[in-house]
Structure formats: structure tokens, C-alpha cells
Amino acid sequence: MNIERNRWLVRQPGAQRRMRLFCFSYAGGNAAGYYAWQAALDPAIEVCAIQLPGRGARLGEPPMRSLALVVETLAQVIDLGDELPFAFFGHSLGGLLAFELARYCQRRAGPVPERLFVSGCVAPRRRLLSRRLHELGDADLIAALRQYNGAPAAALDEPELMALMLPTVRADFALAADYEYRSGAPLALPVSVYGGDLDPHVAFDDLSDWQDETTETIRLHRFAGDHFFIQSAREAVLAQMQAELMQMIEAAA
């Protein structure tokens, strides 16, 4: 498969980079949600935001509907041909993608992330049957998006904009609804789990179940906010993530 990485990765390479942070978006999200992270984090950390088809500059491309194909493709995207260590961060659906990609890399005995950050994401083997939001009519789907509080109300009130975005949102929700957990070897890498104390969709107390997915002891971090605490508590989230990444960078020096 021939991969044009500049379509899949939004990044700002720099001479000071010592660790890459690949970032995976929530359902309907895109790389733009991570644009500001590069300036907020230490220059040693290179933010590499994943841009899937059907959003941002790739809005004209059909979204992907197979999680297995997304993972297989991303395994090639993240292989930049150098030895710079890297970590994964994913929020909500992005956490599920990051987890499955980390498992894929480990199974293939290829380069694996130094750490997995999962945010606002229930442990995969504990997932209940997802609401099939992608099967809702447009009005009901937009109403469901309002409940998640992740998109600006003004955007949800723009019919032309939503007509462009809803196919991608539907495809992403389909990925989540059709996901089937398959047992496998636990990850041999540390996992940091972030959750919001007021998240109505992912109870913080349930996040400890991520311990089943790694041989390392997980780190649990609670932040103020609902499902999109990564927006409302962004400074606290980035401060915690930077502290963990810099600790890893210094340990490797």
C-alpha cells in the first residue's frame, strides 16, 4: 500500500524533537483539534496529529468504515523510518484506535509506542453494545452530538456545514458500534488513563479496568469536566501529559 504521509499527518518537525506524540481524534474530530498542542508542549515533543479521510483538508475523501483497515494503514503512516521514540494519545474513539494500533504493532514485532495515553475511553473488553448513533436520522444525530458537548452549538446549527460533516460522523460512530474486542496478549508498555469527573458517558471509576490490557501498572488521572474535559481542562491535561513524556525522555537520556 502506497501511503502519502503528508495527507495523514499534521506535524511540525524540529531539530529539538526527542519524542513523537501521535494523536487520534474522537468521532467526527480532526487534526485541527491538536494544532495548538505543539506550542503548548515542550519543544522536545513533536505532536503528530492523525488526519483520517473525510475531514479537514481531506473532506472530499470518503471516510473509512473498517477499523481493521484504519489500523493496518496507520501502522504504515507512523513508520517514519527513524529511531525517534513515540507515544500514542487518543480521546474517546481515538483511544480505541490508539489501543488497537498499539496491539497491532506489538503483534507484528515492530516499533511500539513508549506509552499509550487513553482519554475518555472505556476499557475495550468492558465495552457494552454501543448506541448505533450512525443509524439515526440527521436531526436525531445532531441532537445526540449536542449531548456529547464536543462541537460548538453554532456549528451544529449550520445545515450546510452539518451536511458536509455528518457522513464522517456517521462513519466514525459506525466504527465504534461495530467494534468487537478480541482477546490477545496484553500490551507490554505503560498506559496512562485520563478521565473526566463529570463524564456521563465514561464513568471514571470504570477506567481502572484498563489494567487488564497491560502488564504494566496503569496511571489513572482525573480531570474536571465532562466527556470533553480535554477541551475544558486542556492546560491541566497537557501539563500532566508533558510531565509523563518528559520523564520518559529524561530516563532515556
Side-chain angles (χ1 to χ4, degrees), residues 9-25 31 33-50 74 78-80 82-92 94-106 109-121 123-124 185-197 199 202 204-205 207-225 229-253:
L9 290 178
V10 176
R11 54 194 284 251
Q12 300 175 42
Q16 296 175 283
R17 310 299 191 225
R18 297 171 61 190
M19 170 76 71
R20 288 196 178 102
L21 179 66
F22 290 101
C23 299
F24 304 81
S25 298
Y34 298 112
Y35 284 164
W37 283 27
Q38 185 65 75
L41 291 171
D42 190 281
I45 302 165
E46 178 182 295
V47 176
C48 295
I50 299 293
L74 290 180
I78 66 170
D79 185 2
L80 299 183
D82 58 29
E83 297 183 355
L84 199 66
F86 59 92
F88 290 164
F89 172 88
H91 182 74
S92 199
L96 189 62
L97 290 178
F99 165 71
E100 286 295 344
L101 181 55
R103 290 217 297 179
Y104 182 91
C105 293
Q106 181 170 284
V112 297
E114 299 289 320
R115 180 176 291 275
L116 171 64
F117 295 90
V118 287
S119 170
C121 182
L187 294 171
L189 56 93
V191 177
S192 292
V193 186
Y194 293 1
D197 60 356
D199 188 340
V202 182
F204 185 84
D205 290 344
L207 293 177
S208 59
D209 289 335
W210 273 99
Q211 185 60 71
D212 296 335
E213 305 300 341
T214 177
T215 58
E216 304 279 341
T217 301
I218 65 170
R219 294 182 180 181
L220 277 172
H221 300 284
R222 186 194 302 262
F223 298 92
F229 64 88
I230 62 165
Q231 297 173 358
S232 60
R234 195 191 77 164
E235 288 188 9
V237 169
L238 292 183
Q240 178 59 47
M241 193 181 314
Q242 175 168 293
E244 294 185 74
L245 290 172
M246 294 304 295
Q247 184 180 51
M248 296 164 61
I249 290 172
E250 292 165 4

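Residue numbers start at 1 and run along the sequence shown. Note that the coordinates shown come from a computational prediction; the quantities given were computed from them, not determined experimentally.
A ring pair (Phe, Tyr, Trp, His ring centres under 6.0 Å) with Phe99 holds for exactly one of Phe117, Trp210, Phe88; it is Trp210.
Applying the side-chain hydrogen bond (donor to acceptor under 3.5 Å, both in side chains) test to every pair with at least one member in residues 9-18, sequence neighbours left out, gives these pairs: Arg11-Glu46. The list of ring-ring contact (aromatic ring centres under 6.0 Å, His included) pairs with a residue in residues 229-251, not counting sequence neighbours, reads His91-Phe229, Phe223-Phe229. Each salt bridge (Lys or Arg N to Asp or Glu O under 4.0 Å) pair with one or both residues in residues 82-92, not counting sequence neighbours, appears once here: Arg20-Asp82.
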For a side-chain contact (heavy atoms from CB on, under 4.5 Å) check, start with the C-alpha distance between Leu80 and Leu9, then their side-chain angles and the critical distance, and finish with the verdict. CA-CA 11 Å; Leu80 299 183; Leu9 290 178; 3.8 Å; yes

Steps toward side-chain contact (heavy atoms from CB on, under 4.5 Å) verdict (Tyr34, Ile50): CA-CA 9 Å; Tyr34 298 112; Ile50 299 293; over 6 Å; no

For Ile218 and Glu213, run side-chain contact (heavy atoms from CB on, under 4.5 Å): C-alpha distance rounded to whole Å, both residues' side-chain angles, the deciding distance at 0.1 Å, then the answer. CA-CA 9 Å; Ile218 65 170; Glu213 305 300 341; over 6 Å; no

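The main-chain N or O of Gly225 is found under 3.5 Å from a side-chain atom of Asp197 such that the two form a donor-acceptor pair. A donor-acceptor pair under 3.5 Å is absent between the side-chain atoms of Asp42 and the main chain of Ile45, judged by distance alone. Looking only at distances, no side-chain donor or acceptor of Glu114 sits under 3.5 Å from a matching main-chain atom of Ala87. Side-chain atoms of Gln106 never come within 3.5 Å of backbone atoms of Leu101 as a donor-acceptor pair (strictly under, hydrogens ignored). Side-chain N or O atoms of Thr214 include one that pairs as donor or acceptor with a backbone N or O of Leu187 at under 3.5 Å.
Here the side chains of Thr217 and Gln211 are in contact, with some heavy-atom distance below 4.5 Å. Counting heavy atoms from C-beta on, the side chains of Tyr194 and Cys121 never come closer than 4.5 Å.
Checked against the 6.0 Å centroid threshold, Phe89 and Phe22 do not count as a close aromatic pair.
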